[in-house]
Amino acid sequence: MAVRNLSQFGRGVRYALRGVTEFWGHPGYWSYAALPLALLLAVYGAAGWWFWTYVLNRISENIWAPLRYLAQISLGVLFLAFMVLAVNMLYELFGAWFFARLVTVFERRRYGVEAIPHGWWLECKYNGECMIFAAVTLVLWLGFSAIAWVIPVIGPVLLILVIGYRYALSYMFNSGFNRHWSTRELRLELAGHRPAVYGFGVILYFCMLLPLLPVLLIPGLVLGGAMLVNEEVAGIPSRRGKPSPDTTATPPLPGS
């Protein structure tokens with residue numbers, strides 16, 4: 001049993017690496033990541049302009065010059081730190097729609113799986129489930145982070161396993177929704193594959209600790225989650241080959 005669990009854990013780690021390799025190895029997928037990245041850069045550019053114009057430059061010139069410069073530098077560092085910490089979350093938020101379409105195209109090409117159509121009601125239902133899941137994950141992260149500060153070794157390990165597991169699930173939701181699985185049904189389908197999910201989640205957890213770099217990894221990790229669902233749960237072998245024509249097209253914009 002221990003050997004089997006370790007083998008599954010190792011496969012979970014490899015799904016993360018395979019997903020990133022798959023994404024960067026096929027330029028036809030890149031547009032699904034470039035569009036949300038462009039949106040993120042536009043938002044960051046506007047936020048930077050606003051901060052420079054209406055915050056830093058509005059600090060009263062009547063303040064003693066060294067103190068004013070110190071205040072500007074301090075506020076600038078805090079602003080940059082916040083922007084760096086928020087970049088992963090915002091990129092996932094802006095990219096959610098595009099990554100869902102990326103998974104649909106990837107599963108069709110690699111596994112021959114067609115997404116089951118669902119209307120706006122199911123779309124809203126799935127989005128609501130994702131929001132609730134994310135909120136619970138945040139609460140758990142706060143709780144287990146506090147435990148990690150109090151209990152050495154065991155606390156941090158629990159934090160990594162619990163939050164990593166939930167990160168991993170969230171990266172598999174698109175593949176589950178394509179099969180009309182709710183978040184609960186997906187967890188039930190994965191019940192016999194938890195070591196693989198933990199392996200995938202540990203990689204996700206440590207990737208998200210890196211500054212800025214996850215922006216280059218997130219689309220591939222989404223594909224890694226789809227690989228895990230299709231190969232571990234559904235038992236569908238991967239079909240190698242060149243991307244089909246629909247992977248090289250720019251994804252349609254929402255509402256088009």
Side-chain angles (χ1 to χ4, degrees), residues 12 15-16 19 23 29 31-33 35-36 39-40 43 86 88-143 162-194 196-198 200-201 204-205 208 214 218-236 246-247 251-256:
Y15 284 125
F23 176 78
Y29 294 144
S31 58
Y32 291 89
L35 292 174
L39 179 59
L40 178 68
V43 169
N88 296 342
M89 179 186 68
L90 291 176
Y91 184 59
E92 288 179 329
L93 178 65
F94 295 153
W97 187 91
F98 297 97
F99 298 155
R101 273 62 191 174
L102 171 61
V103 169
T104 299
V105 169
F106 170 71
E107 289 188 327
R108 181 188 307 130
R109 182 187 72 85
R110 179 52 62 91
Y111 301 103
V113 173
E114 290 290 343
I116 302 175
H118 51 262
W120 66 269
W121 166 246
L122 277 181
E123 189 80 26
C124 293
K125 176 178 178 290
Y126 293 152
N127 288 333
E129 290 180 359
C130 289
M131 292 172 63
I132 294 172
F133 187 89
V136 174
T137 299
L138 176 60
V139 172
L140 290 173
W141 177 80
L142 292 172
V162 172
I163 303 305
Y165 184 82
R166 294 185 69 85
Y167 275 168
L169 289 175
S170 67
Y171 275 64
M172 300 177 204
F173 284 161
N174 288 324
S175 192
F177 293 160
N178 284 345
R179 294 167 166 80
H180 281 197
W181 294 346
S182 66
T183 55
R184 180 177 180 276
E185 289 169 336
L186 176 63
R187 292 198 296 271
L188 291 175
E189 293 288 343
L190 289 166
H193 309 275
R194 285 196 178 95
V197 181
Y198 279 117
F200 184 63
L204 271 173
Y205 182 90
M208 295 307 161
I218 287 172
L221 293 171
V222 170
L223 295 187
M227 288 178 174
L228 196 156
V229 171
N230 281 277
E231 297 180 22
E232 291 289 322
V233 179
I236 304 174
D246 54 11
T247 67
L253 294 175
S256 63

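- Put simply, the side chain of R166 does not reach to within 4.5 Å of the side chain of Y205, judged on heavy atoms.
- With contacts defined as side-chain heavy-atom distances shorter than 4.5 Å, the pair L223/R110 does not qualify.
- For the atom pair OH (Y167) and CG (L204), the distance works out to 9.0 Å, reported to the nearest 0.5 Å.
- Nearest heavy-atom pair across N88 and I218 is O-CD1, 4.2 Å.
- With sequence neighbours excluded, the residues forming a side chain to side chain contact (heavy atoms under 4.5 Å, CB included) with S170 are F133, F173, listed by chain and number.
- F200 places none of its side-chain heavy atoms less than 4.5 Å from the side chain of E232.
- In this structure, L40 CG and F94 CZ are separated by 6.0 Å, a value rounded to the nearest 0.5 Å.
- Here the closest non-hydrogen pair linking A33 and P219 is CB-CG, 3.5 Å.
- Contact record, L228 with A196: CD1-O, 3.8 Å, taken as the closest heavy-atom pair.
- Within the model, atoms OG1 of T183 and NZ of K125 stand 7.0 Å from one another, a figure rounded to the nearest 0.5 Å.
- With values rounded to the nearest 0.5 angstrom, I163 atom CD1 is found 9.0 Å from L138 atom CG.
- Nearest heavy atom pair, residue E231 against residue I236, reads CG-O, 3.5 Å.
- The nearest pair of heavy atoms linking W181 to L186 is CE3-CD1, 3.8 Å.
- With rounding to the nearest 0.5 Å, the separation of OH in Y15 from CG in N230 is 9.5 Å.
- In this structure H118 satisfies the side chain to side chain donor-acceptor pair (under 3.5 Å) test together with E123, sequence neighbours excluded.
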### Task
May I have the step-by-step check of side chain to side chain contact (heavy atoms under 4.5 Å, CB included) for N178 and V113, ending in yes or no?
CA-CA 9 Å; N178 284 345; V113 173; 5.9 Å; no

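- No side-chain heavy atom of E92 sits less than 4.5 Å from a side-chain heavy atom of P214.
- Closest approach of G220 to F23, counting heavy atoms only: CA-CB, 3.7 Å.
- The distance between the ring centers of F99 and F106 does not fall below 6.0 angstrom.
- When side chains are defined from C-beta on, L169 counts as touching L190, because their heavy atoms get closer than 4.5 Å.
- Checked options E107, E189, E185; the residue passing with R179 is E107 (criterion: salt bridge (Lys or Arg N to Asp or Glu O under 4.0 Å)).
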